[in-house]
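Here the structure is laid out as structure tokens; the discussion comes afterwards.
Worth saying up front: this structure is predicted, and the values here are computed from it rather than measured. Counting from 1, the numbers follow the sequence of the chain as shown. In each ligand, atom 1 is the first atom listed, and ligand 1 is the first ligand listed.
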Amino acid sequence: MNQPLGGYQNEIYLQGLADQVPAFTTDPTRLADSAREILAPGPFWYVEGGAGSGATVRANRAAFDRWQIVPRMLRDATARETRTTVLGTPMPAPVLLAPVGVQSIVHPDAELATARAASALGVPMILSAASSNTIEDVAEASGDGPRWFQLYWPNDPDVCISILNRAAKAGYTTLVVTLDTWTLAWRSRDLDNSYLPFIRGTGTAIPFSDPVFRSGLAQPPEEDIAAAVLKWVPMFTGTDRSWDALPFLREHWDGPIVLKGIQHVDDARRAADAGMDGIVVSNHGGRQVDGAIASLDALPAIANAVGDRLDVLFDSGIRTGADVLKAIALGAKAVLLGRPYVWGLAHDGEAGVRHVVRSVLADFDLTLALSGHRSLAEATPDSLVRV
Ligand SMILES: Cc1cc2nc3c(=O)[nH]c(=O)nc-3n(C[C@H](O)[C@H](O)[C@H](O)COP(=O)(O)O)c2cc1C
Ligand SMILES: O=C(O)C(=O)c1ccccc1
């Protein structure tokens, strides 16, 4: 058995003896409110906002409230096993850090801080293709921690291959290919603020440091940032992809491949048919299709259809330990934590990310135990009721 993740609770209470309290809240559902007090409106809403009216952001959360945990007693869950292995990567709990780009808009240490925090906890960080730091620098900050890489699939095959080769060389084992963001949605908060970080060359460290991308520019990005941005933006999100392009990725990536952004059972089946190793059931945190189905509502049917053929991961709306338990019970092998850790970064850099992730993991461990589960396998649809 591992060191109980719930031990963070004792640690915090003991600090009270020395009159210390956590630097900011232990409740992930209150993090956005406190981050709003310390960030300018542009960056705050870039992270917090969703597509259009925000209907899918709200739906993602509401879906969790429709499932409730039914605690079971006298099952001796004093010792439990939260560890798991996903696609060859061991982790202390079924939680990874979702790929989130442009982290420098909330804290100068950006992805380097997130990588250090993740590595200290053994939690895999999925590095975004829109990172503010280069692949190589984030890899170094990760130390011996697990490394997954998220790709926005560039239209230019040579640039794509170059980025994949850099990720492999830097020790990234698993590729997550995001399909739902081949262009940005109508994001009214960002439009109202006229705020888009890439326009200023934020979140472009990976292409701007890429030798193949650079060789296609008349002048290096340091000398003409506008021209570099104009070349990158239409290239990097993979605007004209279809299912028949997937063999290209297999050819150029040796490790497991995960498709992120799946919401329909038929797309999940196609991913399995195409020999993919995993999918992330995700609607990008409600940032892409306003009015789309809550991601949690898409999960059970997808897990039933393909859960025995590939690893089904989940994100969009995970905030608390109970949310993690619900997604696991409904068939997810692991979940991705998104906005909450970004708020941790905004509050206190590396220590802030650590605090948020430890809080969610501790809450998950305690919720698992108190509801009578000794292992992840014991969390099944029978653990829940739909209300
Ligand atoms: C500020 C921000 C930037 C993001 N950038 C990326 C990205 O670069 N690549 C990607 O695949 N997903 C990106 N996402 C989506 C997350 O990976 C994840 O799907 C989403 O945050 C989950 O929703 P939640 O935050 O409500 O839990 C981003 C999300 C946010 C909030
Ligand atoms: O903002 C996002 O949701 C996102 O995925 C993204 C897209 C491009 C660059 C950075 C982040």
Side-chain angles (χ1 to χ4, degrees), residues 28-29 31-32 35 39 42-51 54 56-64 95-107 110-111 114 125-132 148-154 175-187 189-190 195-207 229 232-239 258-263 279-289 292 294-296 313-320 323-324 327 335-346 356 360:
T29 66
L31 282 169
L39 291 174
F44 173 77
W45 285 111
Y46 188 80
V47 177
E48 179 66 358
T56 298
V57 175
R58 292 189 296 277
N60 281 339
R61 291 295 302 142
F64 279 94
V95 176
L96 301 90
L97 301 193
V100 168
V102 295
Q103 293 183 22
S104 61
I105 66 174
V106 303
H107 194 280
E111 288 81 3
T114 301
M125 167 190 182
I126 309 176
L127 174 62
S128 161
S131 169
S132 349
W148 289 27
F149 181 71
Q150 178 260 325
L151 183 73
Y152 278 128
W153 192 345
L175 184 66
V176 176
V177 185
T178 299
L179 304 177
D180 57 15
T181 309
W182 48 270
T183 191
L184 287 185
W186 184 256
R187 295 182 178 175
R189 290 287 190 176
D190 300 338
Y195 185 81
L196 185 66
F198 326 107
I199 281 191
R200 297 163 198 274
T202 304
T204 53
I206 293 176
V229 168
W232 176 240
V233 168
M235 177 197 289
F236 89 123
T237 46
T239 34
V258 177
L259 300 184
K260 177 172 183 277
I262 301 293
Q263 296 280 273
I279 54 175
V280 186
V281 174
S282 167
N283 58 30
H284 213 95
R287 299 164 72 78
Q288 288 299 91
V289 180
S295 195
L296 194 71
L313 309 187
F314 171 86
D315 81 19
S316 298
I318 295 280
R319 298 292 176 270
T320 68
D323 298 339
V324 181
V335 304
L336 278 48
L337 190 63
R339 292 181 180 90
Y341 86 80
V342 184
W343 299 137
L345 177 67
V356 170
V360 174

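For Gly101 against Ser128, the heavy-atom pair with the smallest separation is CA-OG, 3.4 Å. Across all non-hydrogen atoms, the minimal contact from Val100 to Glu111 is O-OE2, 4.0 Å. Residues Ala327 and Val335 share a closest heavy-atom pair of CB-CG1, 3.6 Å.
Note that CZ of Arg319 is 7.5 Å distant from CG of Leu337, once rounded to the nearest 0.5 Å. Distance check: Asp315 CG to Leu97 CG gives 11.5 Å after rounding to the nearest 0.5 Å.
Within the 4.5 Å cutoff, the side chain of Gln103 has no heavy atoms near those of the Ser131 side chain.
Every residue two or more places apart in sequence or in another chain that forms a ring-ring contact (aromatic ring centres under 6.0 Å, His included) with Phe44 is listed here: Trp343. With sequence neighbours left out, the ring-ring contact (aromatic ring centres under 6.0 Å, His included) criterion links Trp148 to no other residue.
Using a cutoff of 4.0 Å between basic side-chain nitrogens and carboxylate oxygens, Arg287 and Asp180 are not scored as salt-bridged.
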Ligand 1: which protein N/O atoms lie under 3.5 Å from its N/O atoms?
from: ligand 1; atom 1: 5 (N); to: Gly101; atom 2: N; distance (Å): 3.1
from: ligand 1; atom 1: 8 (O); to: Gly101; atom 2: N; distance (Å): 3.4
from: ligand 1; atom 1: 8 (O); to: Ser128; atom 2: OG; distance (Å): 2.7
from: ligand 1; atom 1: 9 (N); to: Gln150; atom 2: OE1; distance (Å): 3.0
from: ligand 1; atom 1: 9 (N); to: Tyr152; atom 2: OH; distance (Å): 3.2
from: ligand 1; atom 1: 11 (O); to: Thr178; atom 2: OG1; distance (Å): 2.7
from: ligand 1; atom 1: 11 (O); to: Lys260; atom 2: NZ; distance (Å): 3.0
from: ligand 1; atom 1: 12 (N); to: Pro99; atom 2: O; distance (Å): 3.2
from: ligand 1; atom 1: 12 (N); to: Lys260; atom 2: NZ; distance (Å): 3.0
from: ligand 1; atom 1: 14 (N); to: Pro99; atom 2: O; distance (Å): 3.3
from: ligand 1; atom 1: 14 (N); to: His284; atom 2: NE2; distance (Å): 3.4
from: ligand 1; atom 1: 17 (O); to: Pro99; atom 2: O; distance (Å): 2.7
from: ligand 1; atom 1: 17 (O); to: Lys260; atom 2: NZ; distance (Å): 3.0
from: ligand 1; atom 1: 19 (O); to: Lys260; atom 2: NZ; distance (Å): 3.1
from: ligand 1; atom 1: 19 (O); to: Asp315; atom 2: OD1; distance (Å): 3.2
from: ligand 1; atom 1: 19 (O); to: Asp315; atom 2: OD2; distance (Å): 2.7
from: ligand 1; atom 1: 25 (O); to: Arg339; atom 2: N; distance (Å): 2.9
from: ligand 1; atom 1: 25 (O); to: Arg339; atom 2: NH1; distance (Å): 3.3
from: ligand 1; atom 1: 26 (O); to: Gly317; atom 2: N; distance (Å): 3.4
from: ligand 1; atom 1: 26 (O); to: Arg319; atom 2: NH1; distance (Å): 3.4
from: ligand 1; atom 1: 26 (O); to: Arg319; atom 2: NH2; distance (Å): 2.8
from: ligand 1; atom 1: 26 (O); to: Arg339; atom 2: NH1; distance (Å): 2.7
from: ligand 1; atom 1: 27 (O); to: Gly317; atom 2: N; distance (Å): 3.2
from: ligand 1; atom 1: 27 (O); to: Arg319; atom 2: NH1; distance (Å): 3.0

For each nitrogen or oxygen atom of ligand 2, which protein N/O atoms lie closer than 3.5 Å, and how far apart are they, rounded to 0.1 Å?
from: ligand 2; atom 1: 1 (O); to: Tyr46; atom 2: OH; distance (Å): 2.4
from: ligand 2; atom 1: 1 (O); to: Arg187; atom 2: NH1; distance (Å): 2.9
from: ligand 2; atom 1: 1 (O); to: Arg287; atom 2: NH2; distance (Å): 3.0
from: ligand 2; atom 1: 3 (O); to: Arg187; atom 2: NH2; distance (Å): 3.0
from: ligand 2; atom 1: 3 (O); to: His284; atom 2: NE2; distance (Å): 2.8
from: ligand 2; atom 1: 3 (O); to: Arg287; atom 2: NE; distance (Å): 2.7
from: ligand 2; atom 1: 5 (O); to: Tyr152; atom 2: OH; distance (Å): 2.6
from: ligand 2; atom 1: 5 (O); to: His284; atom 2: NE2; distance (Å): 2.6

